[in-house]
Amino acid sequence: MDPIISFKNVSKTYGRFSQSKVALNNISFDVFPGKIIGYIGPNGAGKSTTIKILSGIIADFTGDVSIMGMDIRKDALAIKRKIGYIPENAALYDVLTPIEYLQFIGQLYGMNQTETDEKAGKLLELLELKASKNQRMNTFSKGMKQKVLLISGLIHNPEIIFLDEPLSGLDANSVIIVKEVLRQLANEGKTIFYSSHIMDVVEKISDRIILIANGEVIADGSFEELNSKSNEKSLEMLFSKLTGSEDQTAKAEEIVHEIAKTK
Amino acid sequence: MQRIVIFFLKLLPLFRSDVDVNQVVQIFRVKFLMDNRKQVVNSRSKEPNYTLWLQYLLYVFFGGVASIIIGVGDASFPAFLLAYTFFIFMLCLHMIADFSTVMLDTRDNTIILPRPVSEKTYLMARIMHISVYVLGFAASFAIIPCITILFKFNLLAVIIFLVNTLLSSVLAIFVTHLLYLGLMRIVSGEKFKDIINYFQILVTIVLMGGYQFFIQSINTLKHLKLETPDWWMYLLPPTWMAASNNAFITFNFDQFSLINIALSVLIPIFGLMLVIKVLAPGFSNKLQIMDQGEIRDVAKESSGFSISAYLAKLFTRTSNEAAMFGLIWKIAGRDRKFKQMIYPMLGSVVVFFGIMFYTQFKYMLSGENAKFYLILLYFPLFYLFIVYTNVKFSDNYKSAWIYKIIPLDRPGEVVSATLKAISIKLFVPVYLGCNAVLIYIYGAPIVIEIIAALLMNYICLCCLLLLFKFDLPFTVDNANKTNNANMLVSMVLLPVSAAVSGIHYLFLYFHISFLLVIPLLGFICWFLFRKIRLIEWKKIEVFEV
């Protein structure tokens, strides 16, 4: 089987000269269809950069990226029709109402208006935003905006879905729903590339976990495979071990000690 | 208007088959909708629907002013020169300042760029959006002058005026793009936003002082001689447009007119080509680079010595007061929204002084209007009060929970720290800087009077503040801001300013030395600041977080 995503020797540096920062350092991996990939790493590891490259947002990188056999640089438009992207921050045109925003997104994908309206209305209702669908989003909470973003990334029924911290700000019920939606989409053959800091969610829903740190892949495999050598109780513990921040108890003690200095 | 534009957009495939018209229409429609819903600083409406239309209305007013100049002047060239100078200048500043939020909407990176929208489609949508935005201003500006020109001259003059207004708009697009993309090449994203922020402040100040410049310029322009034009006149775009209009009105196509007609047509067209072919295509890429962020090392900027900490030590008494002083100091220097709100108020002090000196300088020098400077010493009290009373507004008003959490026994410490930080960082330098001109006119002895006046201003301010309840800084939602409070303040403060100038005049009249008065004023000032520092929670306005 051919990989649906091929990420080969990709490097990306931000900034110039003395202020430059390496975000990705020669990273390679392949992803196969119908899988949920948990993409994890500490803050600043390069997760969002990877997702932005895969979504065609960042074009100035070195290496080769192909999606569904198409080169991201040459066939960006064709790829973008097949993918969905849900960004980390609730970046949307918040002076619009959810329905206006989703109509706009649907139209950019060439969906007809009736179809977009019906689908957007139904999805908003399912995510408990029906009452707010005609209110401007600048008054929305982070979780409400995140729900609109989720819908906007899925409304055109993409083959591959890139999610960057999709659960940020969502309430517990919504988290359960989104997890289940992702699982069912994967069962239908969709590929999910999922970045998160919430380790137990990643552990539970991912078929495969890619762990990066300092712009490099430091572990790649299912949770069971990754854990077979270290035998940690959870992905959280394994994450700490692999990213070199094992001694959290000592660090916590140090913090408490520092706090206690003020009498 | 939107429908007309969309109609024309749908004709695009006739010319460009590589652009997705439906996407262009949708992007344009949404951008236009957002322009109209944009919250502008000082807007009263929480959910504005007609922001862009109101801005167009402002340009109708500008056109009305230009129309008066065209209508009343004998010679057409100076009148058109003034009208085009005003229009091009305002449009450029407006585009740089107001349109920056649209041109630099980095949200496009995550909303439009991940969708199947080609670079050419996105570029076309941007060009259409900018064009409609600017042409709207041009049309609004041209409405009233067209009527005036029709009555005063003829239909041909109206047509030439319209064409030249259109060309001026194209020129404004070119200049703005050149500035934006030029800046983007040489400065980082954050610095770029800072520069644009200062342009926004400049626009507000120019809007306040511009009309005075306008009136004063009429006399200057009347003396321009077209028979022997200076070389620099060929460098000014308003000259091209005005000379072109003038040539078609007088049917005098001499060398000066012909060169200017050629420049008025060729430069905007060349500029537009440059924008479309060279400058705009890389825009989305640059926008994306801007969004990648930058690490701003504030510690590096202020390595070792911290001026705010040093001044806090000098001017504050308690740790709470020092902490608040540092906070206000930093926000006043870093927060763009704060600067956008407060700096124009201070800028208006400079404008006020500029206008006063411009009109009164020779009389002050000759001793004809010797006591006029008292107005300069005391009128800024009005601005100081307005600045202080506006510090309570913020978009981040919810952060004010901090006041409710910290063990703040005397909230007066926050008030006095705010007053001190605002004064030392913003007001006093502007006040002293502007009044320094008085030293040139009256010599060094005036310094004593300036210091005494500054202290008197602060005594008035403290007394006035103590009459009302206090607001803590950044505790009120910006959306709740109205201009009614400012109106009330001006009604109260003008007589107060007049009264203290009267007291100052009495000191002069009875030859009471200011060297004797200053220690007394200093003591009163200290006492009043202490009184403010000791105020309790019952004197503080209730705020929600």
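By convention in this document, chain letters (A, B, ...) are assigned in the order of the sequence lines, proteins followed by strands, and residues within each chain are numbered from 1.
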Inset, instruction - Dump the intermediate steps for side-chain contact (heavy atoms from CB on, under 4.5 Å) on B:I112 and A:Y93, then the final yes or no. - result: CA-CA 11 Å; B:I112 296 179; A:Y93 300 138; 3.4 Å; yes
Inset, instruction - Let me know if A:D75 has heavy atoms under 4.5 Å from chain B in its side chain, its backbone, both or neither. - result: neither
Inset, instruction - Take atom CD of A:E115 as the centre, draw a 6.0 Å sphere, and report whether it contains more than 12 heavy atoms from other residues, nucleotides or ligands. - result: yes
Legend entry - A:N25, CG atom: more than 12 neighbouring heavy atoms under 6.0 Å: yes
Inset, instruction - Count the heavy atoms belonging to other residues, nucleotides or ligands that lie under 6.0 Å from NZ of A:K119, then report whether that count exceeds 12. - result: yes
Legend entry - Proximal component of A:S152, with respect to chain B [non-hydrogen, under 4.5 Å]: both
Legend entry - Side chain A:R81, main chain B:P116, donor-acceptor under 3.5 Å: no
Legend entry - Backbone N/O of B:S118 and side chain of A:K80: donor-acceptor pair under 3.5 Å: no
Inset, instruction - Sort A:F162 into side chain, backbone, both or neither according to what part of it lies under 4.5 angstrom from a heavy atom of chain B. - result: neither
Legend entry - Engaged part of A:I105 at the chain B interface, taking heavy atoms whose separation is under 4.5 Å: side chain
Legend entry - Between OG1 on residue B:T110 and CG on residue A:L149, distance to nearest 0.5 Å: 8.0 Å
Inset, instruction - Could you grab the distance from atom CD1 of B:I111 to atom CD1 of A:I57, nearest 0.5 Å is fine? - result: 10.5 Å
Legend entry - Rounded distance [0.5 Å steps], CD in A:Q107 versus CG in B:D20: 11.0 Å
Inset, instruction - Inspect the contact between B:R29 and A:E100 and indicate whether a charged nitrogen and a carboxylate oxygen are less than 4.0 angstrom apart. - result: no
Legend entry - Donor + acceptor pair across side chains of B:R115, A:Y109 (<3.5 Å): yes
Inset, instruction - Check the surroundings of atom CZ in A:R73: do more than 12 heavy atoms from other residues, nucleotides or ligands lie under 6.0 Å from it? - result: yes
Inset, instruction - Let me see the working for A:Y101 and B:V30 under side-chain contact (heavy atoms from CB on, under 4.5 Å), right down to the final yes or no. - result: CA-CA 8 Å; A:Y101 181 73; B:V30 161; over 6 Å; no
Inset, instruction - Report yes or no: does B:Q23 contribute a side-chain atom to a donor-acceptor pair with the main-chain N or O of A:L108 at less than 3.5 Å? - result: yes
Inset, instruction - Tell me, with the steps shown, if B:R37 and A:L96 meet side-chain contact (heavy atoms from CB on, under 4.5 Å). - result: CA-CA 8 Å; B:R37 291 185 182 177; A:L96 303 181; 4.1 Å; yes
